[in-house]
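Below is one structure, written out as structure tokens, with a few remarks after it.
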Amino acid sequence: MHIALESPDQPEVISLIAELDAYQDTLYPPESRHSLDLMSLKQANVVFVVARDVSGKAIACGAVVVNAEYGELKRMYVHPQSRGAGVGKKVIALLETTAKSLGCKLLKLESGPSQPDALHLYASCGYERRGPFGTYTNDPLSVFMQKCIEG
């Protein structure tokens, strides 16, 4: 497996993101989905990571939007056939290391209660539950978490 910073603007990665969107469409109504589109993922303050299997196929991705006060973990997805092998943890680790190198000290995220595997992944990586942040509201279909990455 190989994990690296890459552009989200690649056909295979776009397909991976489309899988994530289709999956989330089955779980949450549009007003409870807070995803970034491709143009947003290509902004200068966004770190985007892709994990590839030994054949070079994209199997996971994730992003961090780095702001002045904190970074926000976005677009985390591991293809179902690649889950359980530690890919998600490795993607998060590279996102955290890269965000930290850019001066980020705190990462926050919004996920949903219908994704227990994702919530378990975040908790196992040291993320703790918190209340809404930024422009998010207190939505019963949102779970908010954060992790201090300084030091």
Side-chain angles (χ1 to χ4, degrees), residues 3-9 13-51 58-151:
I3 302 174
L5 300 176
E6 292 189 25
S7 169
D9 194 8
V13 177
I14 292 168
S15 292
L16 198 62
I17 293 169
E19 282 180 33
L20 169 59
D21 287 342
Y23 172 63
Q24 289 186 332
D25 282 345
T26 67
L27 301 175
Y28 308 106
E31 64 273 12
S32 292
R33 293 194 46 234
H34 309 284
S35 57
L36 294 179
D37 62 17
L38 185 60
M39 289 307 295
S40 297
L41 291 171
K42 293 173 61 177
Q43 298 302 308
N45 67 324
V46 177
V47 175
F48 193 83
V49 169
V50 177
I59 57 170
C61 63
V64 171
V65 179
V66 180
N67 298 305
E69 297 169 13
Y70 59 87
E72 184 178 356
L73 198 63
K74 301 291 283 183
R75 289 305 204 170
M76 274 296 304
Y77 182 69
V78 178
H79 188 277
Q81 293 177 336
S82 300
R83 293 181 186 159
V87 178
K89 283 186 178 184
K90 291 177 181 174
V91 168
I92 289 173
L94 182 53
L95 288 168
E96 289 175 354
T97 300
T98 307
K100 187 175 177 179
S101 75
L102 296 171
C104 189
K105 297 178 181 178
L106 179 67
L107 288 179
K108 299 180 182 185
L109 65 88
E110 182 273 339
S111 188
S114 297
Q115 295 169 270
D117 292 342
L119 296 175
H120 176 75
L121 169 65
Y122 300 136
S124 72
C125 290
Y127 288 79
E128 297 178 344
R129 290 192 185 219
R130 56 153 298 134
F133 61 92
T135 59
Y136 293 108
T137 59
N138 201 1
D139 181 346
L141 296 178
S142 286
V143 175
F144 304 100
M145 303 177 87
Q146 72 178 27
K147 177 182 179 180
C148 180
I149 59 171
E150 70 178 329

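When reading the values below, keep in mind they use all heavy atoms of this one structure, side chains included, and skip hydrogens, waters and symmetry mates. In this chain, numbering begins with 1 at the start of the sequence shown.
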Straight-line distance of Leu95 CG to Leu73 CG, nearest 0.5 Å: 6.0 Å

Distance, nearest 0.5 Å, that separates CG of Leu107 from CD of Glu150: 11.5 Å

NZ/NE/NH1/NH2 to OD/OE distance under 4.0 Å, Asp21 and Arg75: yes

From CA spacing to verdict: side-chain contact (heavy atoms from CB on, under 4.5 Å), Glu128, Met145: CA-CA 5 Å; Glu128 297 178 344; Met145 303 177 87; 6.0 Å; no

Check: Ile3 and Val49 side chains under 4.5 Å, non-hydrogen atoms: yes

Lys42 with Asp9: basic N within carboxylate O range, under 4.0 Å: yes

Polar side-chain atom of Thr97 near backbone of Leu94 as donor-acceptor pair, under 3.5 Å: no

Gln43 side chain vs Met39 backbone, donor-acceptor pair below 3.5 Å: yes

Backbone N/O of Val66 and side chain of Asn45: donor-acceptor pair under 3.5 Å: yes

Spacing of CD1 belonging to Ile149 relative to OG belonging to Ser101, to within rounding of 0.5 Å: 9.0 Å

Non-hydrogen atoms of Val46 and Ala63 that approach each other most closely: CG1-CB, 4.1 Å

Criterion side-chain contact (heavy atoms from CB on, under 4.5 Å) on Val64 and Phe48, from CA distance to verdict: CA-CA 7 Å; Val64 171; Phe48 193 83; over 6 Å; no

Closest approach of Ser142 to Pro113 (non-hydrogen atoms, all atoms of both residues): N-CD, 4.1 Å

Distance, nearest 0.5 Å, that separates CD of Gln24 from NE2 of His34: 10.0 Å

Least distance between heavy atoms, Ala51 atom then Val91 atom: CB-CG2, 3.9 Å

Donor-acceptor pair, side chain of Ser124 and main chain of Leu121, under 3.5 angstrom: yes

Lys74/Glu110 salt bridge by N-O under 4.0 Å criterion: no

Residues Ile17, Leu41; criterion side-chain contact (heavy atoms from CB on, under 4.5 Å); working and verdict: CA-CA 11 Å; Ile17 293 169; Leu41 291 171; 3.8 Å; yes

Leu36/Val65 under side-chain contact (heavy atoms from CB on, under 4.5 Å): CA gap, chis, key distance, verdict: CA-CA 10 Å; Leu36 294 179; Val65 179; 3.5 Å; yes

Donor-acceptor pair, side chain of Tyr127 and main chain of Phe144, under 3.5 angstrom: no

Interatomic distance, Ile92 atom CD1 to Met76 atom CE [nearest 0.5 angstrom]: 4.0 Å

Gap separating the SG atom of Cys61 from the NE2 atom of His79, nearest 0.5 angstrom: 11.5 Å

Gln115 versus Ser111, closest heavy-atom pair with distance: OE1-OG, 3.8 Å

Heavy-atom side-chain proximity of Arg33 to Leu141 below 4.5 angstrom: no

Asn67 side-chain N/O to Glu69 backbone N/O, donor-acceptor pair under 3.5 Å: no

Audit row: Gln146, Tyr122, side-chain hydrogen bond (donor to acceptor under 3.5 Å, both in side chains) steps and yes/no: CA-CA 9 Å; Gln146 72 178 27; Tyr122 300 136; over 6 Å; no

Plane angle bin for Tyr23 and Tyr77 - parallel if under 30°, tilted between 30 and 60°, otherwise perpendicular: tilted

Where Val87 and Ala60 come nearest, the two heavy atoms and their spacing: CG1-CB, 3.5 Å

Test item: Lys147 side-chain N/O and Leu106 main-chain N/O as donor-acceptor pair under 3.5 Å: no

